[in-house]
Protein chains: 2
Amino acid sequence: MSNKQERVERQATIIDIANKLKKDPSTVSRALSGSPRISDRTKEEVARVAAELNYIPNRAAARLRSGRSKVVGVIVPRLNHHFFSEAIYGMEAKLKREGYNLIICQSNENYVEECDAVRSLLSSQVDGIIISLSSQTKNFEHLQYVLDSGVPLVQFDRVTDELNTPRIVNDNFEGGYKAVNHLLSGGYRKIGVLHGGMVTNVYRERLEGVHQALEDAGIKSNKALELEAFTEKDGYNAAKKLLANGNGPDAIFCCSDHTALGVLEYAKEANISVPSELGVLGYANELFTRVTNPSLSTVDQQCDKLGRQAASVLLKRLTFKSMLNVEEPIKSSLIIRDSSVRAI
Amino acid sequence: MSNKQERVERQATIIDIANKLKKDPSTVSRALSGSPRISDRTKEEVARVAAELNYIPNRAAARLRSGRSKVVGVIVPRLNHHFFSEAIYGMEAKLKREGYNLIICQSNENYVEECDAVRSLLSSQVDGIIISLSSQTKNFEHLQYVLDSGVPLVQFDRVTDELNTPRIVNDNFEGGYKAVNHLLSGGYRKIGVLHGGMVTNVYRERLEGVHQALEDAGIKSNKALELEAFTEKDGYNAAKKLLANGNGPDAIFCCSDHTALGVLEYAKEANISVPSELGVLGYANELFTRVTNPSLSTVDQQCDKLGRQAASVLLKRLTFKSMLNVEEPIKSSLIIRDSSVRAI
DNA sequence: TTGTATGCGTTATCAT
DNA sequence: ATGATAACGCATACAA
């Protein structure tokens, strides 16, 4: 237990450095920012004294004067979802190298909290904002306001095209397409779909991919086999509904791994053997999919790459004022495990 | 695609509000902060105009003047670990209600990056810092410096007692104790231990709990049954080493769920039946533990509660300057699933 | 109850 | 190549 006297020392400022060197604060400021108008000798001296005094620049002051804070705000629906924490991981890695910090907020899938987060980030004087929309968000004034204020905004994953911003997204259509295509080529014919509704872009696009895959295979999509299901419990119930009468699908594609988990649970309970009687496919490559029994085939979204790319696009805006909005969707890859491959 | 003209409007300031009301900015400032010296009428007017102008306070300016930024910094080893993202979830929930934002940094289990993060947070003028130490951190000057600068610091989970700060931790000793005790009372006798070394407090304490449980049961702990293993791969290899000669333990307690996963994998491969031939116990209640085959018994750490409590203690320091350092460890609870319970 | 004056630490614009 | 000065937006000590 340290009983060291807690001398609360004031943080050193450029003025302290200037006094010590008998120079002007503005000279020190220029030296620290590497201005070409300062002699190398002075720069070295300033650097030396700065290190001596353990000088740490005051970003609040810099922001106030220059308008740049070197802080980026991030808003996600939930922090404790693998997808988002991994995406943020990617962003942080990318932004840190450029000297930026991240302020992270969660909307809890709630429109009002999302608005609060926006205000809060603007209040903190962030240089830019990266957002993935809450599932409740249908009005975008709060985000248009961000743009109107001149703060660069980048959307990722859950996005709207009602805002003129870059959008970093997965190729969800392709993901849905490839998934169902895989089931079909494995001999499954009657494909059930547990989808996430038509509101959120990612779910809508996956479903469209599913339909396209069916169409391309000459199979008419059957609304009776499509149910909305988000959670594990939803998945369980939906599977029950689809499979209970003995005339159900021979495979189920789920728009989330959690839903797929519910399907696996019901199948086990109902003694429906996976994959021989029922193929199951999830979405997102959650950590647990590798260890379910049977292991769950799923679609990997490269979430950290998504995060890196979102950060990268924002950085371009911050440094070059680039206004390019065109970003290729990030490819998803099918991960084939046991739940979707029948023994031959 | 919105083609709306992007008029970049300056953010409204208290001066704008003051001008509109023909009052002084200081009056507006006081009204907004609810000073008792301002009439209710003025407060209402100010609030109305502030809303009209969509006034958002400038925290950079407030910080510069008052020393308070309403931003808290958090440093964790890795963001994409269930334990930490869940803990941060708890912190954010708690701090948001008091008007605080979170700046989140990761040290990547690296001492130098941890030092960088500290500097970066101080540079961002955070009001306080919550940290969980990187596994490489053995020197604490960077954190002592935080304290010396008068910035409140709270440690959680991975902590050192060389710093005079509050420490919010799990009762890891109890966790290890209860886990092994459970194995013993289930009839397992020869307990293998895959631990995390003696450096990090959490692993050391779990191991101490293990030893105490063995001692209380009159069993002499056997160093030959104790190996260090962090990752899934480590777990696999360690299990192989312990079990290959046929004279291994009849149960293995792992200091992490990932390690336990490796053990399960090896057992399956070696046709060792879990739990009948080998009991397995993990630690942390990772999401996947529920769905392994067999499902994995583990120790739940209430990570979000840990996060809330860390935030709560920091808040006390920030608002009341409270210096109480005494916090009860948070109890862990054993979650008994299939991997540690023999059929009767 | 409200107004006036000042300064937080930095940087941009002058000037020298 | 460097110095002097002002200003960013806000909060506070002091006046009135």
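Here is how names work: the chains are called A, B, and so on, in the same order as the sequence lines, proteins then strands, and each is numbered from 1.
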Problem set entry | Sugar-phosphate only, base, or nothing, as touched by B:Ser33 at under 4.0 Å among non-hydrogen atoms | nothing
Exercise. Counting only side-chain N and O atoms of A:Arg59, is one of them less than 4.0 Å from OP1 or OP2 of C:dC8?
Worked result: no
Exercise. When all nucleic acid strands are considered with a 4.0 Å heavy-atom cut-off, which category describes A:Ser26: base, sugar-phosphate, or nothing?
Worked result: base
Problem set entry | Touch class at under 4.0 angstrom, heavy-atom based, for A:Arg41 against every strand present | nothing
Review item, nucleotides 14-16 of chain D N/O atoms under 3.5 Å of protein N/O:
none

Exercise. Which residues pass the side chain to side chain donor-acceptor pair (under 3.5 Å) test with A:His81, sequence neighbours left out?
Worked result: none
For this session: Could you tell me whether the phosphate oxygens of C:dG7, OP1 or OP2, come under 4.0 Å of any side-chain nitrogen or oxygen in A:Arg65?
Result: no
Exercise. Is the number of heavy atoms from other residues, nucleotides or ligands within 6.0 Å of CZ (B:Arg48) greater than 12?
Worked result: yes
For this session: Please report, rounded to the nearest Å, how far the C1' atom of D:dA11 is from the NZ atom of B:Lys70.
Result: 15 Å
For this session: Assess whether one donor atom and one acceptor atom, taken from the side chain of A:Ser39 and the base of D:dT2, lie less than 3.5 Å apart.
Result: no
For this session: Would you please say whether a donor-acceptor pair under 3.5 Å links the side chains of B:Ser69 and B:Gln125?
Result: no
Exercise. Would you call B:Glu52 and B:Lys20 a salt bridge, using N to O less than 4.0 angstrom?
Worked result: yes
Exercise. Does the distance from a Lys or Arg side-chain N to an Asp or Glu carboxylate O, for A:Glu98 and A:Lys70, drop under 4.0 Å?
Worked result: no
Exercise. Does a side-chain N or O from B:Ser29 land closer than 4.0 Å to OP1 or OP2 of D:dT12, or not?
Worked result: no
Exercise. Which part of the nucleic acid does B:Asp24 contact within heavy-atom distance under 4.0 Å: base, sugar-phosphate only, or nothing?
Worked result: base
Seminar exercise, completed: side chain to side chain donor-acceptor pair (under 3.5 Å) filter on A:Ser135, not counting sequence neighbours, yields A:Glu109
For this session: To the nearest Å, give me how far apart NZ (B:Lys23) and C1' (C:dT4) are.
Result: 15 Å
For this session: Take the protein atom CZ of A:Arg10 and the nucleotide atom P of C:dC8, then report the distance between them rounded to whole Å.
Result: 9 Å
Seminar exercise, completed: Side-chain atoms of B:Ala61 come closest, of D:dG9, D:dT12, C:dT10, to D:dG9
